[in-house]
Amino acid sequence: MTDVVGMTSTSWRERRQAWPRWVGYATICWAVAYGGFGLGCALTDTPLFYRGDDPGPAELAWLIVALAALAAVATLTAARVLLWVACALATVCAFGLLLDVITLMVNQDAGSAAGFTKNALGGIGAVLLAATARARDARPATGARPEPSPASRKVHLAAYAGTAAFVPYAAMKVTWAVGGTFAGVSGEEMLAKAEEYGASGLWLTLASWGLDATALLAALGVFLLFGLIRPWGQVFPRWTLVLAGRRVPRWLPLAPALIGAATLAPYGVFGVGYCALATVGAVRVRPGDFPSSADALLVSWIGLGAFAVYGVALIVATRSYWLRTRPA
């Protein structure tokens, strides 16, 4: 039995290390599936792109078909520039994937099923296209992974900044969760609005206990951030019991880190830019659920500022982890 497990493990490792030979075929399969999905949405007038809660023109689904065709041509011709262009476009199409996942976890509803599928397939395509672009120069990793090591002092400072940025955000959310008032809105009003918008039973239960689900997710984000910069993110520590001492698979922290960085960094940075324009009066922020535009702007600064700083810190920590754990 042990020999069978060992052979299976070795076979899987060999297939994984041989990715430059098969990733192109996987990318072609993805392009066919993505193009078929976009074509189906275009022919059935299913909107894929949204501005807030407002669906955009269904004809934009043809952009997905065009992107899939570009990806297929770039893969078949091994045109590296086109592969990176297609990768960038797929990343744009995947924007919002993390927010969709969070909404699905909290509200048990990701909104538009077609939009969620578009984001998910876009994220998969971005990874495959990037791997295909690198496949020509990639060499199989034959050496062992380096010994666990912490990130540099600069990376640690970036992680501390990303953590500190969430403090005002968490304080604001906890204030509402315990029934307090912030930006002219009380905790009871926030809870009523959450029920009106269809919040899940889990969200409402946590709120009744004085816990805010998004603040808990922010704590998980900080946990991920420090896992990327500390040695325990490479080898399971003693408090993980059964897993203690085993190597952490590289994909385990890198997958959520890459999705989070690709979503939160641009969302936060562009959001902060919009808040800056609103602060100087160049644009106007709608009050929305708040008593005034000033209240809405204050909450936007706190939320988007946290996402921007944390997103950039996550990019820095992810790059450090990638380089420190790369096999020879």
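The basis for the numbers below is simple: all heavy atoms, side chains too, and nothing from hydrogens, waters or symmetry mates.
Annotation: ring pair (Phe, Tyr, Trp, His ring centres under 6.0 Å) contacts of F226 (sequence neighbours excluded): Y160. Qualifying side-chain contact (heavy atoms from CB on, under 4.5 Å) partners for E189, counting only residues two or more places apart in sequence or in other chains: V185, S186. In terms of the ring pair (Phe, Tyr, Trp, His ring centres under 6.0 Å) criterion, F270 has no residue partners (sequence neighbours excluded). Shown here are the ring pair (Phe, Tyr, Trp, His ring centres under 6.0 Å) partners of Y274, two or more places apart in sequence or in another chain: there are none. Partners of A257 by side-chain contact (heavy atoms from CB on, under 4.5 Å), not counting sequence neighbours, listed by chain and number: L224, L228, L314, T318. Every residue two or more places apart in sequence or in another chain that forms a side chain to side chain donor-acceptor pair (under 3.5 Å) with T27 is listed here: T132.
Applying the side chain to side chain donor-acceptor pair (under 3.5 Å) definition to pairs two or more places apart or across chains, none involves residues 174-183. Counting only residues at least two apart or in different chains, side chain to side chain donor-acceptor pair (under 3.5 Å) contacts with residues 221-231 comprise H156-R230.
A donor-acceptor distance shorter than 3.5 angstrom exists from the side chain of T91 to the backbone of C87, with no hydrogens or angles considered.
Hydrophobic clustering (side-chain heavy atoms under 4.5 Å, transitive across Ile, Leu, Val, Met, Phe, Trp, Tyr) groups F223 together with F236.
Using a 4.5 Å cut-off between side-chain heavy atoms of Ile, Leu, Val, Met, Phe, Trp and Tyr, V269 falls into a hydrophobic cluster with V312. Under a 4.5 Å side-chain heavy-atom criterion applied to ILVMFWY residues, the cluster that includes V65 comprises L39, L43, W62 as well. Summarising the hydrophobic clusters (Ile, Leu, Val, Met, Phe, Trp, Tyr; side-chain heavy atoms under 4.5 Å, direct or chained), the residues clustered with V167 are none.
Between F166 and F307, the two ring planes are perpendicular [angle over 60°; tilted spans 30° to 60°].
Heavy atoms only, all atoms of each residue included: A261 and P266 are closest at O-CD, 3.5 Å.
With rounding to the nearest 0.5 angstrom, the CG atom of L121 is 6.5 Å from the CZ atom of F37. Summarising the geometry, atom CG belonging to L82 is positioned 10.5 Å from atom CG belonging to L89; distances are rounded to the nearest 0.5 Å.
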Donor-acceptor contacts, no H, no angles, side chain residues 292-305, under 3.5 Å, sequence neighbours left out:
| from | atom 1 | to | atom 2 | distance (Å) |
| --- | --- | --- | --- | --- |
| S292 | OG | D295 | N | 3.3 |
| S292 | OG | D295 | OD2 | 3.0 |
| S293 | OG | V285 | O | 2.7 |
| S300 | OG | A296 | O | 2.8 |
| W301 | NE1 | T279 | OG1 | 2.9 |

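Around atom CH2 of W322, no more than 12 heavy atoms belonging to other residues, nucleotides or ligands sit under 6.0 Å away.
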